[in-house]
Amino acid sequence: MVFTDIVFYTLAAILLFAGLRVITTRNPVHAALFLVLAFFTAAGIWLLLEAEFLGIALVLVYVGAVMVLFLFVVMMLDINVDKLREGFWEYLPMAGFIGVLMVVEMAMVLGGKYFSPTHAVTKPAGYSNTAELGSVLYTDYLLPFELASVVLLVAIVAAIVLTLRDRQDNKSMNPAEQVKVRKQDRLRIVSMAAEVEQPIAESVAIDTPAEGKQ
Amino acid sequence: MMFLAELFGEYWAPIQTVTWTLIKIVAIVLPLMVAVAYLTLAERKVIGYMQVRIGPNRVGYWGLLQPVADGLKLLFKEIILPTASNKGLFFLGPVLAIAPAFAAWAVVPFDATMVLADIDAGLLYILAMTSVAVYGVIIAGWASNSKYAFLGSLRSAAQIVSYEIAMGFTLVGVLMCANSLNLGKIVLGQAGGFWHWYFVPLFPLFVVYFISAVAETNRAPFDVAEGESEIVAGFHVEYSGMAFAVFFLAEYANMILVSMLAALMFLGGWLSPVPFIPDSFLWLLAKVAFLLFLFLWFRATFPRYRYDQIMRLGWKIFIPITLVWIIFVGAMMQTSYGYLFH
């Protein structure tokens, strides 16, 4: 057993544990955090496979952005755990069927001749798979890549259009208008003649001791 | 040594590697901790003088032992655990805040040869690590089970995720010029005097990067995550003693990290500004110190941003600026003026 094997088995054990806890833990926030741990260890395993771009992109995109927003939502939800567990037996056959199907698929991939370990190629030290991926994406696979980006863009625009409603009772302000405000818009300087106050100090001085005697 | 080599057999080489790596990690983290401690003193002194005060001057000569006194005080204070908090996550929060701030230093080159891990995807690694840092704040805010803490963590999470996009785009500009993701190669691509440094062709990106860096580290004027006049102390309102100190250390470690990155990517790293003075690690220190001074200067100068204005600045101003400048750089590289952008 070489050193990388020890690292692999450690990461794999953590990954399996985290994956299991995602579906067994009762608290949804804990489940989301275990999913983060699972992504992180999966990224570690990808690094062992010399896929450093994919590994780091997994951390950057899924751990750094997607799961943050996910946690954001889960933390604000008031989830009733008992209600979530209703209908467990009702859905079990369907879920079991899909689970078995995935296990069979994975077994076919792992046991198949195209994915046997002899196909793994070790690249020389100077090999950068970020640069390789970039050059392949922008030459051979330019059209599929651009199509995928257009699909994503459409999805972004659609999500915003579907959820953006102009509420009537909205009191939010427009910062762009606010920062453009100048002194002339808000402030009016009026020149007035100076007002001289009447000398009323004496009458007050006489009244006060009279109140004090009562 | 020979005896040990025979004892461990084939495991000797990996054990040696791990030991050496650990020693190097300590050699990076220890000076970093000292730098963090003295940055807190520098902040109080600088802001003090800017406000015509003296700042701390009682502990040690010129207040030089103040960080030690502060550290000892926080170490001996009780860590109060709120009854309704989520206990495991409450202590995980500070750990997750400080771990990425230190982990990112693994790929930072201090010199042409002094670097812990000289990996090709160094810039990506740093982006990944800094994007993980937000978990410390979110988990701390949620686990405290307090409204102020939760509001602070929500503000912080949205702010960090937003400014990360602008920051990522500025780095795209840098790697277009440098043609590499390796931080050492990015610095070497700027060789030959300060007019070759990337802040010249990428000046708008440099400005956007530094302002985003201030926002990423939750520093004034973007410190709404802990805006003490609105939500007491934000996400760390329930923390006391050393648990609070760890958040404090993480913030300052992150400040040093983003300043270091700005120095490496835009200001030529350890390269000297003029060719006839030799390159040295000291140049890097000077550049980082200057950028850190800017952080303190900002804090003493600017009033806090309002939250919607922060979001507007990030999404509607910085991201369009970076996008336009990246396209401009890409287009210019195809013309005969392309040499200006390398």
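Only heavy atoms go into these numbers, but all of them, side chains included; no hydrogens, no water, no symmetry mates. Residue numbering restarts at 1 for every chain, and letters A, B, ... go by the order of the sequence lines. The shown structure was predicted, so the numbers you read here are calculated from the model rather than taken from an experiment.
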Between A:L71 and chain B, which part of the residue has a heavy atom less than 4.5 Å away: side chain, backbone, both or neither?
-> side chain
Chain A heavy atoms under 4.5 Å from B:M129: which part of the residue, side chain, backbone, both or neither?
-> side chain
Crowded around B:Y148 OH? As in, over 12 foreign heavy atoms under 6.0 Å?
-> no
Residue B:N182 versus chain A: region with a heavy atom under 4.5 Å = neither
Part of A:L33 lying under 4.5 Å from any heavy atom of chain B = side chain
Is it the backbone or the side chain of B:A133 that comes under 4.5 Å from a heavy atom of chain A, or both, or neither?
-> neither
Measure from the side-chain N and O atoms of B:N254 to the backbone N and O of B:E251, and report whether any donor-acceptor pair falls under 3.5 Å.
-> no
Name the one of B:L261, B:T322, B:V174 that satisfies side-chain contact (heavy atoms from CB on, under 4.5 Å) with B:Y209?
-> B:L261
Looking at B:R312, B:K316, B:Q309, which one has more heavy-atom pairs under 4.5 Å with chain A than the rest?
-> B:R312
Side chain / backbone / both / neither for B:L181 at chain A, heavy atoms under 4.5 Å | side chain
Strictly under 6.0 Å, is that where the ring centroids of B:F298 and B:F302 end up?
-> yes
Bottom line for B:L89: the part with an atom under 4.5 Å from chain A's heavy atoms is side chain
Should B:Y125 and A:E52 count as side-chain neighbours, where that means a heavy-atom distance under 4.5 Å?
-> no
Kindly indicate whether the side chain of B:V132, heavy atoms from C-beta on, has any atom under 4.5 Å from the side chain of A:F40.
-> yes
Who among A:L60, A:V36, A:V59 has the most heavy-atom pairs with chain B under 4.5 Å?
-> A:L60
Look at B:V161, B:I165, B:L154 and state which one has the largest set of heavy-atom pairs under 4.5 Å with chain A.
-> B:L154
Taking the six-membered ring for Trp, is the centroid-to-centroid distance between B:F318 and B:F169 below 6.0 Å?
-> no
